[in-house]
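Since we're looking at a predicted model, the values are computed, not measured. Each chain gets a letter, A, B and so on, in the order the sequences are listed, and its residues count up from 1.
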Amino acid sequence: MHVEEKFTHETWPASPEKATLEAKNKFLGFWFFLGGETVLFASLFATYLALKDRVPNTHQALAKDLFELPLTFTATMLLLTSSLTSVYAMYHMKNFAFKKMLLWLGLTVLLGFGFLGLEIYEFNHYVHAFHHTFTSSAFGSAFYTLVGFHGAHVAFGLLWIITLMARNAKRGLNLYNAPKFYVASLYWHFIDVVWVFIFTVVYLMGMVG
Amino acid sequence: MSTYAKKQGFGATLWDFLTTVDHKKIAILYLIAGGFFFVVGGLEALFIRIQLAVPNNDFVSAGLYNQIMTMHGTTMIFLAAMPLIFAFMNAVMPLQIGARDVAFPFVNALGFWLFFFGGVFLNLSWFLGGAPDAGWTSYASLAVASKGHGVDFYLLGLQISGFGTLIGGINFLVTIINMRAPGMTYMRMPMFTWATFVTSALILFAFPPLTIGLVLMMFDRLFGAKFFEVSMGGNTIIWEHLFWIFGHPEVYILILPAFGIFSETFAIFSRKRLFGYSSMVFALVLIGFLGFMVWAHHMFADGLGPVTNAIFAVATMAIGVPTGIKIFNWLFTMWGGSVKFTTPMLYAVAFIPSFVAGGVTGVMLASAAADYQYHDSYFVVAHFHYVIVGGVVLALLGGTHLYWPKIFGTMLNETLGKITFWLFLIGFHLTFFIQHFLGLWGMPRRVFTYLPGQGFETANMVSSVGAFFMAAGVIVLLINIITTSVKNVRVGNDPWGDGRTLEWALSSPPPFYNYKQLPLVRGLDAYWIEKMEGKKGLTPAEPLGDIHMPNSSFLPFMMSFGLFVAAFGAMYHGEHGTWAFPVLFLGLAITLGSMFLRSVKDDHGFHIHKEDLMDDDEKGVKA
Amino acid sequence: MKRLAKWRLISLFAILALVLSGCGKPYLSTLQPAGDVAEMQFGLMKLSTYIMIGVIIVVTVIFLLVLVKFRRKDENMIPKQVEGNHRLEIIWTVIPILLLLILAVPTVATTFNLANVSPMDKKNADGKHNVLVVNVRANLYWWEFEYPDLGIVTSQELVVPTNQKVYFNLKSSDVKHSFWIPAVGGKLDVNPENVNKFWLEFDNKKADEAGNLFYGKCAELCGESHALMDFKVKAIDKDKFQTWVRAMQNVKKPQEATTASAQEGQQIFSKSCIGCHAVTPTNSTPIAARIAPNMTNFGERSRVAGILPHTKESIKNWIKNPEKYKPGNKMAGKYPTMSDAQLNALADYLMSLKVQK
Amino acid sequence: MANHQLNSGNPRVDIEYRRKKNAEDMRYQIVSFSLMMFLTLIAFAAVAIKGFEATFIKPFIILLAAVQVIFQLYYFMHMNHKGHEAPKLFLYGGVTVGFTIILTFTTIIWW
Ligand code: HEA
Ligand code: HEA
Ligand code: CUA
Ligand SMILES: [Cu+2]
């Protein structure tokens, strides 16, 4: 019996993401990795909080000058919705509905790109309208590093999901790739978790002052 | 050194090791690389001691001294002690839990190569314009101001090898949770496995802050960020916190596996089960937990305020309690036992007073108000060499003797082993005991020289002499390794005669699939139980069947090599943009390309068939 | 047996006390405390050392018993496999906790006591402190001491009155350093981003024993010459201190050299050196402009550049090649090369810079 | 590794039951998603509507974020399912360490 064994609706296991030992290992290992990522992002958040509004002179923009609600709100909606679409994808994965899974993953990817686009626009805007750059102050460095790290995670997640979709487009679901899809979706949710804190701590709290 | 190394040509063996994903071979790689870096770090230590032997010495210049001192600390901690610990974890832990390999063999190899290339990168700094010179702690204000690329080597090198350590930690965690043999409950796991587990958890939570610290400083130094630039709103204390949030758990990452090795040693050579097993486990977990709550004791003199200092002082002292529990449990393991003083046991026995001496000076340091006097003086140097050399290094040397037959199938010579032991032990105390007093007499650490007339002369000379005893001990060990490898007398499964845990039931070295049939574990010290019931081997938990094994792969090497190349590009992009950027992208392309290959090329491994297993019966587990 | 153990213990403690108090130099050693702060810290050090010696003795006794009693004699003996012992385990959990409590309480108390700088906050009617305050500024390899309320600045050698609390503000002008006078009290870091405050007291009798000159050190790696970033502390009684302060305050403009050679030196100095080195003690110059040690009372100091003997020869050597004595210092290469005659003149001039004739 | 205990061959798997179970799960997901959206809206509204004290808004929106994240973890990432004991342990471990770091950086790093 082989992991690439062809499945039918009848033979597809209830928890394909944990059906083999490899899958179980992957599942657990990935969760531990997320535990480490939690500390990673906590370090970045902590640094940001320590350096928030630390600028060399009074001409430079502070958090409350920079951020605007509509932009952040749109970005948040895009990313939160992408979480739901990826949940749908996993729902179809469990039901062995490969095409539908791909569809929902596709949607997730689109939303992710939308989010990234907004972020790029936003950074560009700060640089040109406020001269708030990566090197203009400790505040600038901390802001771009925290938000940029998250953005890089989004970008990597997109690459990952696209690769998975492309690689498996022809061969459908099996017990070798199902855990991969599952783990990628965990990663995507984790990115969302981080964003919830970013929009709260960086943007909303920044606007409050 | 080992059977399979002899049977093949050199090229084939080399290729075998470059592509292996077998935890036992990866262990050998860690052992060799870590051993090499230990000698490098030791030579640096000797240079330090030569320079400080007499006042106003000019053996090395001030700048060079700072580089040697920094590289000594960095090399010893990151490139010698940690990899050697990983060597034993890899060699022993999967065998101890009755597994055929770790959870992610590919990742295991990747972890090694990342460490290796990170270490090589760091040490290339010697030849490329100077090594880092801001201390192993690389405090921000000095490190950012440091000229040349030394500190960049530190940042990038540690970043690369740090990734290797992190994924190694995750790998061990998953292995221990998912791959235990039937019947191996958590409370039946050997102590070394427990130590591996807690250590890996510490790695998982301690390395991310270091990663971030390194990233921030790299951004400052190479890309113009302002995290640590005070005039631009930056704050250097951020680095100190991030470093020590990592740094303090790091010292327990070093010592807990050492505790693990000694726990095994005491039980084996006392012929007695570990006294107070469950409280040992409890103490281990508690030390791990408390380890994250005390880091600011390295910053008592920073001016964080009395409230902070008082809280961290008390929290730090608390660690003495679980550590004490372990010490007394070891003593009582020997109590009533039948203690045989083999070389590994000598190390274990010598460890107790040495480590206790170092531990109690730790508690003295924890007394914040008094630490204002000790801090950054030779008293601290004495403290941490007592715990590190008297704890970690003794464990590594003892572990080398203990597990050598299991790893290579031949014993180290006991007489030479004991000579090494005595030379090293005497040298160690000679070098570091007197340093307590140097510190108390007012000698700061990290000084490239000292002026006459301050009363430091004699003590420093004594200390330097001691270092050469240690060096002599290490040289005898190297001779021991070479001569016994040449003789290559093969040994059986349980060469010490008193093995208690599963690994001693396997041949030495074990077959590459470890267990022909997974063993059934019926209690703590599984192999001992079988022996006491008069059985020769283990009770199998499954019928003989095909064994699934992972394929070897060259990709881990390539992925790490790519990062190694990219690091040069990142470092030189400031002044050599023309070639540095292409190099950066080339390196990243190699890494990402290898990752891409890995993910699109399915790798399902292969099966060893039942029939083949039956053939080499004489080598495998007698089940 | 019991009595023997007791006797051993006492003698051990006696030897220990001897080792602890009798060692090191009185002007440098933490084991010969010369002030309140060091005294308190020494108390903690002694207390903790006694506890730790106790711990070590207990461990060693059990250890030796094990080594002697339980050697393997019979190759075939299989000892009883003991699981553990609750009573013992409770003992060795509780006793260390108690010992640690004994140490923790005075630790916390002392930590708070040493951090008490509230008198620094109070100022009198004309905006001056009621207590003596010194602003310490650490620079790559030299120290500056400013007395804000007295309007004077000096370098390399801190002058303080004995038997009274002196309060310090610490600030770095470049990288992190650490301010440490081992015999008088523990160190405090000198950070680039904040002002650290603490106090010290210098004991009159101990200062006498130490020849009125304590050694100070930089205790944080700060670059190549970190090892040589020494300073000295001249601890004198209150009256002498007042005299010194008045003498310093009297120097309103650069002192005129008297001998011919010194006059020549002064000319050279005014051309090549004055840009960095001030020869008046006022603190009206902005901090950013104070980039080298203040020389007002150079002739009365005990070292050149903090480390060299206070002789003309040292001065000449220093000016000829400062890099040789303090690698990486900020003076080397910033002024024209001097001939031997010029060096001689400069040395004469510098030696003549005294405020208390 | 060796023991693939695939349940692929099990004929007694009740697909209909599983379908229903999955669909039910999905309904929970949608409910929690709506709640999350709702919480997000409140958070943004709290900031958009001027007039609240900053000392109130800050803890309030952080609380909302925490609740949201619990939804994400427990529903979207299935931490409410069985077999997530180890993930929980290590995630909370990470959260504890992370929280300590943030606490430190907001209290004992000075100007
Ligand atoms: C393996 C490494 C290791 C280990 C295990 C330890 C263990 C401990 N360390 Fe150490 N430490 C270092 C490595 C290590 N350390 C290093 C490398 C540095 C310097 C870094 C640098 O600046 O470069 C350092 C520095 C350091 C400092 C900062 C000093 C300074 O810079 O000012 C402090 C302060 O509290 C400290 C405390 C402790 C304590 C309390 C323990 C405890 O865990 C010790 C516990 C053990 C015992 C106490 C002994 C056994 C117990 C009993 C027998 C029971 C009874 C005991 C009592 C009642 C006391 N250490
Ligand atoms: C695992 C950690 C570890 C280990 C094992 C050691 C081992 C030793 N260290 Fe350690 N040391 C540190 C970690 C370690 N050190 C750290 C972290 C620092 C702080 C750095 C900083 O301040 O930033 C430090 C700093 C430090 C200092 C203080 C420097 C200063 O403050 O200026 C000194 C001084 O004596 C010293 C000495 C020694 C000595 C003599 C050994 C000996 O035990 C070494 C013994 C080993 C050998 C002697 C091997 C020699 C081998 C050969 C001779 C073989 C030759 C053969 C061939 C060439 C084939 N070390
Ligand atoms: Cu200043 Cu060291
Ligand atoms: Cu520590």
Could you report the tightest heavy-atom contact between A:Ala46 and D:Ile101, atom names first, then the distance? CB-CG2, 3.8 Å
So what's closer than 4.5 Å to chain A heavy atoms on D:Ala23: side chain, backbone, both or neither? both
Among the listed options D:Val97, D:Ile61, D:Asp25, the residue most often paired with chain A at heavy-atom distances under 4.5 Å: D:Ile61
Of the listed residues (D:Arg19, D:Gln68, D:Gln29), which shares the most heavy-atom pairs with chain A below a 4.5 Å separation? D:Arg19
Could you look at D:Phe33 and say if it's the side chain, the backbone, both or neither that has a heavy atom under 4.5 Å from chain A? side chain
Among the listed options A:Leu40, A:Leu34, A:Thr81, the residue most often paired with chain D at heavy-atom distances under 4.5 Å: A:Thr81
Compute the centroid of each ring, for D:Phe105 and then for A:Tyr48, and state whether the two points are separated by less than 6.0 Å. no
Whatever's closer than 4.5 Å to a heavy atom in chain A on D:Ile57 counts as side chain
Taking atom NE2 of A:His189 and atom NE2 of D:His78, what is their separation to the nearest 0.5 Å? 6.0 Å
Once you measure the plane-to-plane angle for A:Phe27 and D:His84, does it fall in the parallel (<30°), tilted (30-60°) or perpendicular (>60°) bin? perpendicular
Name the option with the most non-hydrogen atom pairs under 4.5 Å to chain D; the candidates are A:Tyr182, A:Phe41, A:Tyr203. A:Tyr182
State, with a plain yes or no, whether a side-chain heavy atom of A:Met77 is found less than 4.5 Å away from one of D:Thr40. yes
If you count heavy-atom pairs under 4.5 Å between each of D:Thr96, D:Val69, D:Leu103 and chain A, which one has the most? D:Val69
Compare every heavy atom of D:Ile102 with every heavy atom of A:Ala42, then report the nearest pair and how far apart it is. O-CG1, 3.7 Å
